[in-house]
Amino acid sequence: ETEKDLVKYELDLYWVKKANKEASTYFKNHKGRFPLWHVKDMDNKKKILLVEDQLIIQRVHSIFLRKMGYQVDVAVNGKQTLELCVCNPYHLVILDAGLPDMKGVELGKRIRMLEKKNKSIRKPIVLLSAYPINSLKKWCQEAEIDNFSTKPIPYKELYFMLENIFKKGLASKEAIN
């Protein structure tokens with residue numbers, strides 16, 4: 001065994017996933033040993049709609065999601081989001097809570113209404129917000145939003161959130177509209 005205080009490792013998340021292991025297990029069993037972790041193109045190619053009006057946040061989230069292996073489309077407001085949801089199959093939608101034309105929670109409700117109207121598969125929705133957690137939980141339950149986090153979200157947390165959503169089967173294997 002190497003000296004824990006002297007030797008640290010970089011965990012390659014792609015190979016952990018490829019080996020059908022859980023990265024969270026490595027982090028729990030070897031606390032502090034993996035200060036660095038590497039994400040490279042993974043071959044899952046699930047399609048995510050990122051809804052964000054702030055250009056810098058859009059770019060940063062898009063780059064990270066693509067490095068995780070997801071295909072990413074970007075919408076900047078509620079109207080564009082609804083149009084994209086009607087025309088494109090998505091495995092998951094990530095919503096900003098404060099968009100220029102409507103609140104993310106309202107947009108989540110409208111996405112759910114569209115799914116029911118079109119009899120399409122329910123896709124998971126994640127809400128990202130600068131609002132306090134207490135407010136988010138209630139709003140998300142009312143809008144049937146599956147998960148939420150405050151912004152800025154640490155990328156390790158986003159990685160595990162998406163991994164859990166797809167592992168639990170909340171997202172369909174194939175996005176169908």
Side-chain angles (χ1 to χ4, degrees), residues 13 17 20 39 41-155 157-177:
L13 298 176
K17 190 169 186 115
N20 291 320
V39 178
D41 292 333
M42 296 183 186
D43 54 355
N44 56 11
K45 296 299 180 199
K46 289 183 174 33
K47 195 169 183 180
I48 293 177
L49 177 59
L50 173 64
V51 185
E52 175 61 61
D53 61 320
Q54 300 288 326
L55 185 60
I56 292 174
I57 296 171
Q58 238 181 56
R59 287 188 180 164
V60 171
H61 285 348
S62 292
I63 289 168
F64 186 73
L65 290 166
R66 285 185 179 106
K67 283 188 175 199
M68 287 172 59
Y70 298 108
Q71 292 179 340
V72 181
D73 287 345
V74 177
V76 296
N77 59 43
K79 182 178 185 284
Q80 185 181 26
T81 301
L82 294 171
E83 289 169 359
L84 286 170
C85 283
V86 167
C87 300
N88 296 284
Y90 292 104
H91 293 92
L92 183 127
V93 178
I94 299 175
L95 296 177
D96 176 18
L99 297 167
D101 60 342
M102 72 177 74
K103 299 283 184 217
V105 173
E106 177 60 31
L107 183 53
K109 288 179 185 177
R110 291 188 185 190
I111 291 170
R112 293 292 181 234
M113 288 187 322
L114 266 177
E115 290 170 341
K116 288 171 186 166
K117 178 183 170 192
N118 296 334
K119 296 180 182 167
S120 59
I121 292 176
R122 185 185 188 281
K123 56 185 115 311
I125 299 174
V126 174
L127 184 77
L128 300 181
S129 173
Y131 295 111
I133 294 270
N134 298 344
S135 303
L136 289 177
K137 188 171 185 175
K138 182 181 176 212
W139 294 342
C140 289
Q141 287 173 341
E142 291 171 2
E144 298 179 65
I145 291 174
D146 302 284
N147 214 326
F148 60 89
S149 182
T150 54
K151 289 197 302 190
I153 184 169
Y155 291 111
E157 184 181 319
L158 180 61
Y159 173 83
F160 289 129
M161 181 188 293
L162 297 180
E163 185 179 76
N164 285 332
I165 287 171
F166 289 119
K167 187 173 95 177
K168 287 179 184 173
L170 295 176
S172 62
K173 299 255 185 226
E174 293 183 34
I176 301 171
N177 266 355

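For the single chain, residues carry numbers from 1 onward in sequence order.
Annotation: I56, atom CD1; neighbour count of heavy atoms from other residues, nucleotides and ligands within 6.0 Å does not exceed 12.
Both the sub-6.0 Å distance and the 45° axial angle are satisfied by K47 relative to the ring of Y90. With F148 as the aromatic partner, K137 does not meet the cation-pi criteria of under 6.0 angstrom to the ring centre and within 45 degrees of the ring axis.
Residue D53 forms a side chain to side chain contact (heavy atoms under 4.5 Å, CB included) with just one option from N77, D96, V74, and that option is D96.
The side-chain heavy atoms of H91 and I48, taken from C-beta on, include no pair separated by under 4.5 Å. Counting only heavy atoms from C-beta outward, the side chains of F64 and Y70 never approach each other to under 4.5 Å. The side-chain heavy atoms of L92 and K46, taken from C-beta on, include no pair separated by under 4.5 Å. Between S62 and L50, the closest side-chain pair of non-hydrogen atoms falls below 4.5 Å. Contact annotation: the side chain of V105 approaches that of L127 to within less than 4.5 Å [non-hydrogen atoms, C-beta and beyond]. Inter-residue side-chain proximity for K79 and M102 is flagged as unmet; no heavy-atom pair is nearer than 4.5 Å. V76 has its side chain within reach of Q58: a pair of non-hydrogen atoms, C-beta onward, lies under 4.5 Å apart. Residues N164 and N147 fail the side-chain proximity criterion, which asks for heavy atoms closer than 4.5 Å.
Classification of K151 and E52 as a salt-bridged pair holds, one side-chain N sitting under 4.0 Å from a carboxylate O. Between R112 and D146, at least one side-chain N (NZ, or NE/NH1/NH2) sits under 4.0 Å from a carboxylate O, which counts as a salt bridge. Using a cutoff of 4.0 Å between basic side-chain nitrogens and carboxylate oxygens, E106 and K103 are not scored as salt-bridged. The pair E144-K109 fails the salt-bridge criterion, with no side-chain N (NZ, NE, NH1 or NH2) lying under 4.0 Å from an Asp/Glu carboxylate O.
In this structure, Y155 has its ring center at least 6.0 angstrom away from the ring center of F160.
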When you look at L84 and V51, which way does the side chain to side chain contact (heavy atoms under 4.5 Å, CB included) test go after all the steps?
CA-CA 10 Å; L84 286 170; V51 185; over 6 Å; no
Could you go through the side chain to side chain contact (heavy atoms under 4.5 Å, CB included) check for K117 and M113 one step at a time?
CA-CA 6 Å; K117 178 183 170 192; M113 288 187 322; over 6 Å; no
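To the nearest 0.5 angstrom, I94 atom CD1 is 11.5 Å from I125 atom CD1. Atoms CD1 and NZ, from I111 and K116 in turn, are 12.5 Å apart once rounded to the nearest 0.5 Å. A distance of 12.5 Å separates CD1 of I165 from NZ of K167, quoted to the nearest 0.5 Å. Atoms OG1 and CG, on T150 and L128 in that order, are 9.0 Å from each other to the nearest 0.5 Å. Note that CD of Q54 and NE2 of H61 are 10.5 Å apart. Values are rounded to the nearest 0.5 Å.
Scanning both residues, L95 and G104, for their nearest heavy atoms gives CD1-O, 3.3 Å. The heavy-atom pair separating Q80 from A75 by the smallest distance is OE1-CA, 3.3 Å. The nearest pair of heavy atoms linking L49 to C85 is CD2-SG, 3.9 Å.
The main-chain N or O of Q71 is never found under 3.5 Å from a side-chain atom of R66 such that the two would form a donor-acceptor pair.
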